[in-house]
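One-based numbering along the sequence shown. Every number for a ligand or one of its atoms is a count from 1 in the order of the listing.
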Amino acid sequence: MPMTPRPRRVLLLGGTSEIGRAILSSLDAPPDTEVILAGRDERRMAELGGALPFRVRTVHYDGTALESHQPFVDAVFAGGPVDLVISAAGILTPQEVLDRDPLQAGLLMETNLTGQVTTLLAVTRHLRAQRSGVIVVLSSVAAVRPRKANFVYGAAKAGLDAFARGLADSLHGSGVRLLLVRPGFVIGRMTAGLPPAPAATTTAAVGAAVAAALATSAPVVWVPRGLGVLSTAMRLVPRPLWRRLSR
Ligand SMILES: NC(=O)c1ccc[n+]([C@@H]2O[C@H](COP(=O)([O-])OP(=O)(O)OC[C@H]3O[C@@H](n4cnc5c(N)ncnc54)[C@H](OP(=O)(O)O)[C@@H]3O)[C@@H](O)[C@H]2O)c1
């Protein structure tokens, strides 16, 4: 099911996200579109929002404040229907930090998985009632197979990916669509200081690929596109070899 070609009201969860902003910049939407940047740093969101060609407002949102998610979402939808929700909040904490401090691993799971589940289920109730709207979920190639170098992040993304696929199926026929995005290594703030992985891509490429996919009925978009084929091969690598290959 193609989305409303030109969204009029858009919610970005993770309002400072580089990928989220790249998606917004690639959208085919009129300048009077209202974009709601939702995040922790309202000053930074206001600054970044000024560069977007839309009417931007900012709201406080903390992905780990689980009890706040239902009232937060209710308040957003009280302002009118929402056509597009982009779920881009996430953290990538180095595995060696998580090995030393399991509470940091819990925070990562809460931010990248649990908080998205509570927020998106609240969003879904409103979109079902509207009988329209699109949810964009940022999964990752890390969801395909755990790597010893970032297996907690991979576990969170695998959980999020499974949640999103199940949610998408449950929405079939409801008028609401979910687009699952699986980027590979994206050069940017989140990966700063890490050596680029093979087939590394850019935030602009992710933004353009998502905007293009929104105009189709695709359920999943890989960025770069060839990563979909590579992911099949990744699943087939024997485990002893995978252990050695995956840094
Ligand atoms: N970059 C990559 O290589 C890559 C690859 C595949 C998938 N992804 C996924 O794509 C999504 C966007 O990543 P990105 O590259 O745009 O990274 P980014 O620029 O670092 O954006 C991450 C966003 O998450 C927000 N965030 C973190 N913890 C939060 C919390 N507790 N509550 C609310 N917001 C929170 C950050 O807000 P603050 O400004 O407040 O920290 C920021 O807006 C993430 O889910 C990421 O896992 C990224």
Side-chain angles (χ1 to χ4, degrees), residues 11-26 35-49 52 56 58-69 72-73 76 85-94 103-104 106-120 135-144 147 149-150 152-161 163-164 179-207 209-210 220-224 227-228 230-231:
L11 172 64
L12 172 60
L13 299 160
T16 63
S17 155
E18 287 187 339
I19 289 178
R21 287 182 288 119
I23 295 171
L24 292 174
S25 300
S26 301
V35 168
I36 303 159
L37 300 180
R40 298 179 295 188
D41 188 342
E42 294 204 44
R43 194 189 52 79
R44 177 104 180 103
M45 288 191 296
E47 224 173 81
L48 296 168
L52 292 169
V56 176
T58 65
V59 289
H60 180 79
Y61 167 72
D62 183 343
T64 63
L66 304 186
E67 287 180 6
S68 71
H69 293 167
F72 158 77
V73 170
V76 169
V85 176
I86 305 164
S87 188
I91 52 175
L92 174 62
T93 313
L103 275 181
Q104 290 292 324
L107 182 67
L108 188 151
M109 295 302 287
E110 203 155 88
T111 308
N112 292 8
L113 176 58
T114 314
Q116 308 225 10
V117 170
T118 50
T119 305
L120 293 181
I135 303 171
V136 172
V137 174
L138 267 303
S139 178
S140 165
V141 70
V144 171
R147 291 190 299 119
N150 72 349
V152 176
Y153 180 81
K157 285 298 183 191
L160 180 66
D161 199 284
F163 166 77
L179 175 63
L180 185 54
V181 185
R182 295 191 185 125
F185 185 105
V186 181
I187 298 161
R189 169 169 89 145
M190 182 172 273
T191 56
L194 296 173
T201 188
T202 61
T203 54
V206 180
V210 171
V220 177
V221 57
W222 292 91
V223 194
L227 210 53
L230 195 64
S231 74

(message) Are Thr16 and Arg189 packed together at the side-chain level, in the sense that at least one heavy-atom pair is separated by less than 4.5 angstrom?
(response) yes
(message) List ligand 1 atoms under 4.0 Å from Ser139, heavy atoms only on the residue side.
(response) 6 (C), 7 (C)
(request) Measure the CG-OG1 distance between Asp41 and Thr58 for me, rounded to the nearest 0.5 Å. (result) 9.5 Å
(request) Give the residue, atom name and distance (to 0.1 Å) of the protein heavy atom nearest atom 22 (C) of ligand 1. (result) Gly90 O, 3.4 Å
(request) Any atoms of ligand 1 less than 4.0 Å from a non-hydrogen atom of Ser140? List them with their elements. (result) 6 (C), 7 (C)
(request) Ignoring hydrogens and angles, tell me if any N or O in the side chain of Asn112 forms a donor-acceptor pair with the backbone of Ile91 under 3.5 Å. (result) yes
(request) For Thr64, take its heavy atoms, then give the atoms of ligand 1 lying under 4.0 Å from any of them. (result) 31 (N)
(request) Select one of side chain, backbone, both or neither to describe which atoms of Ser87 lie under 4.0 Å from any atom of ligand 1, heavy atoms only. (result) neither
(message) What's the separation between atom CD in Glu110 and atom OG1 in Thr118, rounded to the nearest 0.5 Å?
(response) 8.5 Å
(request) Could you pull out the closest heavy-atom pair between Thr191 and Leu92, with the gap in Å? (result) CG2-CD2, 4.4 Å
(request) For atom 34 (N) of ligand 1, find the nearest protein heavy atom and state the residue, atom name and distance (0.1 Å precision). (result) Ala89 CB, 3.7 Å
(request) May I ask you to check whether Ile19 has an N/O atom sitting below 3.5 Å from an N/O atom of ligand 1? (result) yes
(request) Using a 4.5 Å cut-off on heavy atoms from C-beta on, say whether the side chain of Ile86 contacts that of Leu24. (result) yes
(request) Write out the residue and atom name of the closest protein heavy atom to atom 33 (C) of ligand 1, then the distance separating them to 0.1 Å. (result) Gly63 N, 3.4 Å
(message) Out of all atoms in ligand 1, which are within 4.0 Å of some heavy atom of Asp62? Include the element for each.
(response) 30 (C), 31 (N), 32 (N)
(request) Any chance you could measure His69, atom NE2, to Thr119, atom OG1, to the nearest 0.5 Å? (result) 4.0 Å
(message) I need the atoms of ligand 1 closer than 4.0 Å to a non-hydrogen atom of Ala88, numbered in the order shown.
(response) 11 (C), 12 (C), 22 (C), 23 (C), 24 (O), 44 (C), 45 (O)
(message) Closer than 4.0 Å to some heavy atom of Ile91 - which atoms of ligand 1 meet that?
(response) 27 (C), 28 (N)
(message) Nearest 0.5 Å, please: how far is CG in Leu37 from NE2 in His60?
(response) 14.0 Å
(message) Students should be able to answer this: which protein heavy-atom is nearest to atom 41 (O) of ligand 1, and at what distance?
(response) Arg40 NH2, 2.8 Å
(request) With rounding to the nearest 0.5 Å, note down the distance linking CG in Leu138 to CG in Leu13. (result) 10.5 Å
(message) Could you identify the single nearest non-hydrogen protein atom to atom 19 (O) of ligand 1 and state the distance to 0.1 Å?
(response) Glu18 N, 3.0 Å
(message) Please find the pair of heavy atoms, one from Tyr61 and one from Gly14, that lie closest to each other, and give the distance.
(response) CD2-N, 4.4 Å
(message) Suppose we measure from atom 8 (N) of ligand 1 to each protein heavy atom; which comes out shortest, and what is that distance?
(response) Tyr153 OH, 3.7 Å
(message) Can you name the atoms of ligand 1, numbered from 1 with element, that are less than 4.0 Å from a heavy atom of Gly184?
(response) 3 (O), 5 (C), 6 (C)
(request) Could you find the nearest protein heavy atom to atom 20 (O) of ligand 1 and give me its residue, atom name and distance? (result) Arg189 NE, 3.3 Å
(message) Are any of the N/O atoms on Thr16, whether in the backbone or the side chain, positioned under 3.5 angstrom from an N/O atom of ligand 1?
(response) yes
(message) Pairs of nitrogen or oxygen atoms closer than 3.5 Å, one from Asn112 and one from ligand 1: do any exist?
(response) no
(request) Would you check if there is a donor-acceptor pair between the side chains of Ser87 and Gln116 at a distance under 3.5 Å? (result) yes
(message) Counting only nitrogen or oxygen atoms and a 3.5 angstrom limit, does Lys157 reach ligand 1?
(response) yes
(request) Just jot down the ligand 1 atoms closer than 4.0 angstrom to any heavy atom of Gly14, in number order. (result) 43 (O)
(message) How far is atom 3 (O) of ligand 1 from the closest protein heavy atom, and which atom is that?
(response) Val186 N, 2.8 Å
(request) Only heavy atoms count here, so choose which of Arg182, Gln116, His60, Met190 is nearest to atom 46 (C) of ligand 1. (result) Met190
(request) Drop me the distance from Arg43's CZ to Leu48's CG, to the nearest 0.5 angstrom. (result) 9.5 Å
(message) By the definition side chain to side chain contact (heavy atoms under 4.5 Å, CB included), identify the one residue from Thr201, Leu194, Leu227 that meets it with Phe185.
(response) Leu194
